[in-house]
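Working notes for the structure below.
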Amino acid sequence: MIAVSHPQVVTVRRSALVARLALWAFLLVNLVAIQVMFQLAGPPAHNLFGSVGRMLGLYLAFTMIVQLLLIARLPLLDRGFGMDRLTSWHRWVGFTLFWLAILHPSFVILGFARYDGVPVLRTALTLSKQVPVLLGMIAVSLIVLVVALSLRIARRRLSYEAWHAVHLILYVVVVLGVIHQLYEGTAFAINLGTKVYWWSLWAFALGALLTGRLIVPLIRNSRHRFRVAAVVPESDDVVSVHVTGRDLHRLPARAGQFFLWRFPGHNSWWQVNPFSLSAAPNGRTLRLTAKGIGTTSAGLRTLTVGSRVFAEGPYGAFTLATRARTATLLIAGGIGITPVRSLLEDPEIGGDVIVLYRARSTADAVLLGELRNLAAAKGARLHVITGRTGPTNQPFRPDNLQALVPDITDRDVYVCGPAVLTDTVLDSLHQLRVPSRQVHAETFRLAS
């Protein structure tokens with residue numbers, strides 16, 4: 001097999017390299033700058049606890065800035081890392097934010113308590129009478145609430161829509177945090193240079209967030225005016241929604257990507273769901289296919305033709321532009337077939353293509369007829385693997401996977417499906433020594 005050298009693929013790889021370099025440079029430069037600011041500010045008037053608390057406050061504020069950039073949906077980061085990885089980082093940065101939000105006020109309060117020689121609780125109550133400090137305490141409480149509801153045990157009890165609404169609280173945290181810094185910040189108020197640096201950093205983060213989450217989506221939706229063109233039931237619990245609009249050929253969408261969909265008038269404005277394109281964009285229509293497992297997805301079949309659609313995107317790096325080889329293996333399970341089906345339809349697919357589709361039965365295999373037609377048209381080999389997983393039916397175990405695809409190490413592998421299936425396949429690919437640059441997975445972390 002030969003490596004892919006298509007100009008677009010080279011461009012995507014260059015974008016990924018630029019994104020990695022830019023991210024690491026941003027983190028390194030600012031971490032050094034923050035430490036320099038802390039040293040220039042000198043020791044606090046009271047003790048070591050206060051000094052540590054002030055340093056943790058600086059890192060808390062910077063971690064919040066990083067979090068804003070991760071959720072700003074910057075095209076550079078999306079193309080370089082993919083939304084799945086960014087969402088995973090967002091989760092871990094969130095937990096880092098949680099611990100810093102706990103430790104920063106704790107050390108500050110301990111510092112004042114030791115300095116004044118009074119109990120910690122009384123110190124906390126005294127400090128809370130200052131409005132900027134009280135706002136900071138409220139922000140910490142909200143962070144604790146959001147993190148608690150993001151833990152797996154709580155997350156399982158919340159619908160995606162409710163979980164998304166809870167996360168909107170973080171915007172309140174940002175506002176409270178900025179006000180707190182305006183009145184309580186000392187390390188970055190040493191001189192004009194540190195003030196310009198610090199607030200420029202915040203302006204960049206907030207500007208990126210407003211641009212990516214508000215301005216660009218509003219402009220795109222105003223330009224394209226998305227509408228429901230057709231609603232097609234695919235099975236008892238799966239439905240496809242065809243969306244049309246103006247000048248869709250100008251929309252930079254690729255097969256394998258997803259949008260965040262809102263249906264005004266059908267659901268509340270805060271109810272948004274990530275659904276992949278189940279057909280390759282053709283410049284005239286977009287299609288999403290969803291299984292009715294949530295409030296929004298279950299109600300899609302009641303959408304009326306002509307109703308408005310608000311779409312944010314496209315997002316994701318699960319595209320053929322990231323290929324390293326000419327031969328391709330597409331693996332899907334359940335409703336994870338949607339982006340895989342669109343990849344199979346992509347005009348750029350070419351080469352030797354194998355599709356492995358895991359379903360309970362052929363009756364449960366969504367879009368199977370379309371897959372068969374596309375496979376025949378593309379000269380691809382389609383294997384539908386059915387039955388319950390058990391001791392005698394483990395198709396994605398390393399030896400079984402290699403038996404199905406002997407030249408798997410010479411292919412780009414695209415995987416999308418339930419978490420258990422995806423994890424199993426990724427583990428098998430690792431054991432089979434498939435190079436990581438040839439492995440591409442869509443795990444829907446944004447929805448989970």
Side-chain angles (χ1 to χ4, degrees), residues 160-161 217 220-269 271-316 318-319 332 334-347 349 357 359 362-378 416 442 444 447:
Y160 172 79
E161 293 84 1
R220 279 188 176 161
N221 280 271
S222 175
R223 173 189 297 164
H224 298 297
R225 297 186 182 180
F226 301 109
R227 299 276 177 177
V228 174
V231 179
V232 181
E234 303 290 354
S235 68
D236 291 341
D237 60 350
V238 176
V239 63
S240 290
V241 178
H242 297 253
V243 176
T244 189
R246 297 190 314 176
D247 302 326
L248 291 190
H249 62 281
R250 297 173 60 188
L251 189 66
R254 294 184 59 93
Q257 291 188 303
F258 68 91
F259 286 78
L260 298 175
W261 303 91
R262 285 183 173 88
F263 301 95
H266 180 72
N267 293 112
S268 301
W269 68 269
Q271 289 184 301
V272 56
N273 284 77
F275 295 129
S276 295
L277 296 176
S278 59
N282 57 19
R284 300 182 303 278
T285 61
L286 302 172
R287 187 182 78 169
L288 64 101
T289 301
K291 188 173 183 178
I293 55 177
T295 303
T296 302
S297 54
L300 289 178
R301 61 180 63 238
T302 64
L303 287 173
T304 57
V305 173
S307 58
R308 288 179 54 221
V309 179
F310 191 93
E312 293 181 51
Y315 301 122
F318 193 72
T319 70
I335 200 63
I337 193 62
T338 53
V340 167
R341 186 258 180 233
S342 67
L343 288 176
L344 185 59
E345 189 180 23
D346 194 319
I349 187 71
Y357 186 8
T362 53
D364 293 319
V366 182
L367 307 177
L368 182 56
E370 295 182 13
L371 283 168
R372 284 171 172 161
N373 292 336
L374 284 170
K378 301 281 187 176
C416 186
E442 179 63 87
F444 296 114

Kindly write out the residues that satisfy salt bridge (Lys or Arg N to Asp or Glu O under 4.0 Å) with Arg220, not counting sequence neighbours, or none if the list is empty. none
Minimum heavy-atom separation for Thr289 and Ser278, please, with both atom names. OG1-OG, 2.7 Å
Does a side-chain heavy-atom distance below 4.5 Å link Arg262 with Leu260? no
Minimum heavy-atom distance Pro252-Pro314, with the two atoms named: O-CG, 3.1 Å
State whether the side chain of Arg284 and the backbone N or O of Leu248 hold a donor-acceptor pair below 3.5 Å, judged by distance alone. no
The reported gap from CD in Gln257 to CG in Leu286 (rounded to nearest 0.5 angstrom) is 11.0 Å
Calculate, to the nearest 0.5 Å, the distance between atoms CD and CG belonging to Glu345 and Leu277 respectively. 10.5 Å
Using the ring of each side chain (for Trp, its six-membered ring), is Trp261 parallel, tilted or perpendicular to Phe259, with breaks at 30° and 60°? tilted
Out of curiosity, Asp237 CG to Ile335 CD1, how far, rounded to the nearest 0.5 Å? 8.0 Å
Mind listing the closest non-hydrogen atom pair of Val340 and Cys416 along with its distance? CG2-CB, 4.3 Å
More than 12 heavy atoms from other groups under 6.0 Å of CG on Asp247: yes
Stepwise side chain to side chain contact (heavy atoms under 4.5 Å, CB included) test for Val228 and Thr304: CA-CA 7 Å; Val228 174; Thr304 57; over 6 Å; no
Locate the shortest heavy-atom distance separating Ala230 from Val305; write the atom from each residue and the value. CA-CG2, 4.2 Å
Hey, are Arg341 and Glu234 close enough for a salt bridge, meaning a charged N less than 4.0 Å from a carboxylate O? no
What orientation do Tyr315 and Phe258 show, parallel under 30°, tilted 30 to 60°, or perpendicular over 60°? tilted
Give the intermediate values and the outcome of side chain to side chain contact (heavy atoms under 4.5 Å, CB included) for residues Thr338 and Leu288. CA-CA 8 Å; Thr338 53; Leu288 64 101; over 6 Å; no
Donor-acceptor under 3.5 Å (Arg250 side chain, His224 main chain): no
Is the backbone N or O of Ala255 less than 3.5 Å from a side-chain atom of Thr319, with the two atoms forming a donor-acceptor pair by type? no
Arg227 atom CZ, over 12 foreign heavy atoms within 6.0 Å: yes
With the side chain counted from C-beta on, respond yes when Val272 and Phe310 share a heavy-atom pair under 4.5 Å apart, and no when they do not. no
Using the side chain to side chain contact (heavy atoms under 4.5 Å, CB included) criterion, which residues pair with Asn373? Sequence neighbours excluded. none
dist Arg223:CZ -> Leu251:CG (nearest 0.5 Å) comes out at 9.0 Å
Could you measure the distance from the CG atom of Leu367 to the OH atom of Tyr357? Nearest 0.5 Å is fine. 6.5 Å
Here the gap from Ser240 atom OG to Arg301 atom CZ, rounded to the nearest 0.5 Å, amounts to 10.0 Å
Quick one: which of Val309, Val239, Val231 gives a side chain to side chain contact (heavy atoms under 4.5 Å, CB included) with Leu303? Val231
Crowding at CZ, Arg225 (>12 non-hydrogen neighbours, <6.0 Å): no
Does any part of the side chain of Phe275, heavy atoms only, come nearer than 4.5 Å to the side chain of Val241, both counted from C-beta? no
